[in-house]
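Remarks on the structure that follows.
Each chain gets a letter, A, B and so on, in the order the sequences are listed, and its residues count up from 1.
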Number of protein chains: 2
Amino acid sequence: MQGYDKYAFEPFAVTVDLAVLTIRAGALHVLLVERGQEPYAGHWALPGGFVLPDESAETAARRELAEETGLSDVSGLHLEQLRTYSEPGRDPRMRVVSVAFTALLPDAPEPRGGGDAAEARWLPYDSAGPLAFDHDRILADAHDRIGAQLENSCLATAFCPPEFTLGELQQVYETVWGIALDRPNFRRKVLASPGFVEPVPGAARLTGGRGKPAALYRAGTATALQPPLLRPSREGRPE
Amino acid sequence: MQGYDKYAFEPFAVTVDLAVLTIRAGALHVLLVERGQEPYAGHWALPGGFVLPDESAETAARRELAEETGLSDVSGLHLEQLRTYSEPGRDPRMRVVSVAFTALLPDAPEPRGGGDAAEARWLPYDSAGPLAFDHDRILADAHDRIGAQLENSCLATAFCPPEFTLGELQQVYETVWGIALDRPNFRRKVLASPGFVEPVPGAARLTGGRGKPAALYRAGTATALQPPLLRPSREGRPE
DNA sequence: CCTTTTATAGTCGAGATGACTCTAAAAGGG
DNA sequence: CCCTTTTAGAGTCATCTCGACTATAAAAGG
């Protein structure tokens, strides 16, 4: 950024794109909006929009998230920058650089078709067909990142409501990783990680359950997981 | 990115900033350029520059890296997107969104003061004083990221020449993490990780060494490290 | 020749991990 | 009302890993 002047650069449009993930009925879901205009009219796309002149990308992402989901309290949930997509041809109309974010939601309030009047909906991750622009790749990158972060961070609690059972927490791992985990071993690992979860003083969940009622836990104060909760079954295949 | 038109957005300048790291004489060094103009004239800054109209950020980063370091073959070295910095006030002159990258170099050819005629130099990471703009934060983020990646990836070989000893590889970890590692245990871990390193057919290093000559290794084909090489001494302090 | 230095092999005990079994406590159906 | 089903949670056990440590080999330097 040495010695440039105001006319040495080409102006770009800067947008944010959001990969908003949640877990519904044991399956990973992603928030998508249906495009009403060309290009990609009728296609599904990740929600997003322009960064305003006085906003950072993070601020813009949080604003768009509130607009698209209709959530009033968007301040507490997990929002993290994923990466920036800047290929010259990624938007056929003009030069758009997009800063992508991942967001994780506990339960799934049905979106109320946000500010741009397009339809917004939760769709299962696996059947999120071809998306507009390069959003397939952004979504896949988001999934990879979240999966990797489950190993080293306490991120999984971001998918859970304020109070949750260890079974629900395990289902987060199983859903995102797409594999089954041994319940006693998972429980042992989680409880042995200081600050991951802490028990709710004197409560157990009764009504909904089919079996023995499970103890309730809250998210702990730690953010990093030491030691990590490594995902198995990558045997014999580096990469 | 729903239904916008050409005039619904404010144009931004988009730049790349590079945190180029290497290891010199057992210490982490970073490539810095001295600014010749206001703002921050006389301050050191990360190398970088504008993304051209037909470039992706990755392409721009690689071009700037070649210009600033004078390296002819910049195609093979490790370049990775770090994150994007978009705070409204980060450049006092105008609205600049910067995509930051990390780059790792094996040896340290002295830079030949790149395209912008500013002085470029390797400076020790620890004494890289207050930098221009928000580059202190970018550099710190780059250090954090590289340190974390050493645990889960074969990235450390990017700091090493094509053929290296396990002692050199260990020094990469010790330098970036700032801690000492047990040599036999490090060796055991590295050799037990399939695809991390592979021995050079029939060679040993003689002349330079003070002690017993060490065997030479090349970077293997794996990129991920399974199981990870965890850094110790985070005992008792989550986060 | 002896000390210093670095590489490499090997040992040993504590702790983590994966696979597994067993019991407790609920719902549901006959 | 009993019996099956279902889920939570405790516990066991062999194996593997990891950190700490010792020992040996092969060079340089005095």
Side-chain angles (χ1 to χ4, degrees), chain A residues 25-26 150-152 160 163-175 177 179-194 196-200 202-218 225-236, chain B residues 25-26 150-152 160 163-175 177 179-194 196-200 202-217 225-236 238:
Chain A
L150 287 189
E151 292 188 331
N152 309 300
C160 296
E163 299 189 345
F164 52 87
T165 68
L166 293 187
E168 291 172 327
L169 188 66
Q170 179 177 349
Q171 203 179 45
V172 171
Y173 280 88
E174 293 182 331
T175 301
W177 286 349
I179 56 176
L181 299 176
D182 181 81
R183 196 190 304 262
N185 291 340
F186 178 83
R187 160 181 215 83
R188 187 215 293 158
K189 272 292 280 184
V190 169
L191 294 180
S193 298
F196 192 1
V197 298
E198 52 191 29
V200 173
R205 173 202 227 181
L206 302 165
T207 161
R210 279 270 297 162
K212 177 177 174 180
L216 288 174
Y217 292 85
R218 270 197 273 265
L225 218 51
Q226 195 69 8
L229 208 157
L230 299 177
R231 80 182 104 179
S233 84
R234 275 203 251 167
E235 311 298 325
Chain B
L150 287 189
E151 293 188 332
N152 309 301
C160 296
E163 298 189 345
F164 53 87
T165 69
L166 293 187
E168 290 172 327
L169 188 66
Q170 181 177 348
Q171 203 179 46
V172 170
Y173 280 86
E174 294 182 329
T175 301
W177 287 351
I179 56 176
L181 300 175
D182 181 81
R183 197 188 306 262
N185 292 340
F186 179 82
R187 159 184 215 80
R188 187 214 294 161
K189 272 292 280 181
V190 169
L191 295 180
S193 300
F196 192 2
V197 298
E198 51 191 31
V200 172
R205 175 205 226 181
L206 303 163
T207 160
R210 279 270 295 161
K212 176 176 173 178
L216 288 174
Y217 292 86
L225 219 51
Q226 195 69 4
L229 207 157
L230 299 176
R231 77 181 106 178
S233 83
R234 273 203 251 169
E235 311 299 326

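Contact annotation: B:Arg183 side-chain N/O to C:dT6 OP1/OP2 distance is not under 4.0 Å. An OP1 or OP2 oxygen of D:dA27 is reached within less than 4.0 angstrom by no side-chain nitrogen or oxygen of B:Arg210. The phosphate of D:dA10 has OP1 or OP2 within less than 4.0 Å of a side-chain N or O from A:Arg187. Contact check, B:Lys189 against D:dC18: a side-chain N or O comes under 4.0 Å of OP1 or OP2.
The side chain of B:Pro213 lies closest to D:dA26, out of D:dA26, C:dC20, D:dG19. Distance from the side chain of B:Asp182 is smallest to D:dC21 among D:dC21, C:dA19, D:dT6.
Nucleotides of DNA chain D nearest to B:Pro227 and B:Pro184 differ in position, and the one nearer the 5' end is that of B:Pro227.
Each of A:Leu225, A:Leu230, A:Leu229 was evaluated against A:Glu151; a single residue qualifies, A:Leu230, per the side-chain contact (heavy atoms from CB on, under 4.5 Å) test.
Taking a pair to require two hydrogen-bonding distances under 3.5 Å in either a Watson-Crick or a G-U wobble arrangement, C:dA24 pairs with D:dT7.
The CZ-P distance, from A:Arg188 to C:dC20, rounds to 14 Å in whole Å. Taking atom NZ of residue A:Lys212 and atom P of nucleotide C:dC22, one finds them 17 Å apart after rounding to whole Å.
With rounding to the nearest 0.5 Å, the separation of OH in B:Tyr217 from CG in B:Leu169 is 10.5 Å.
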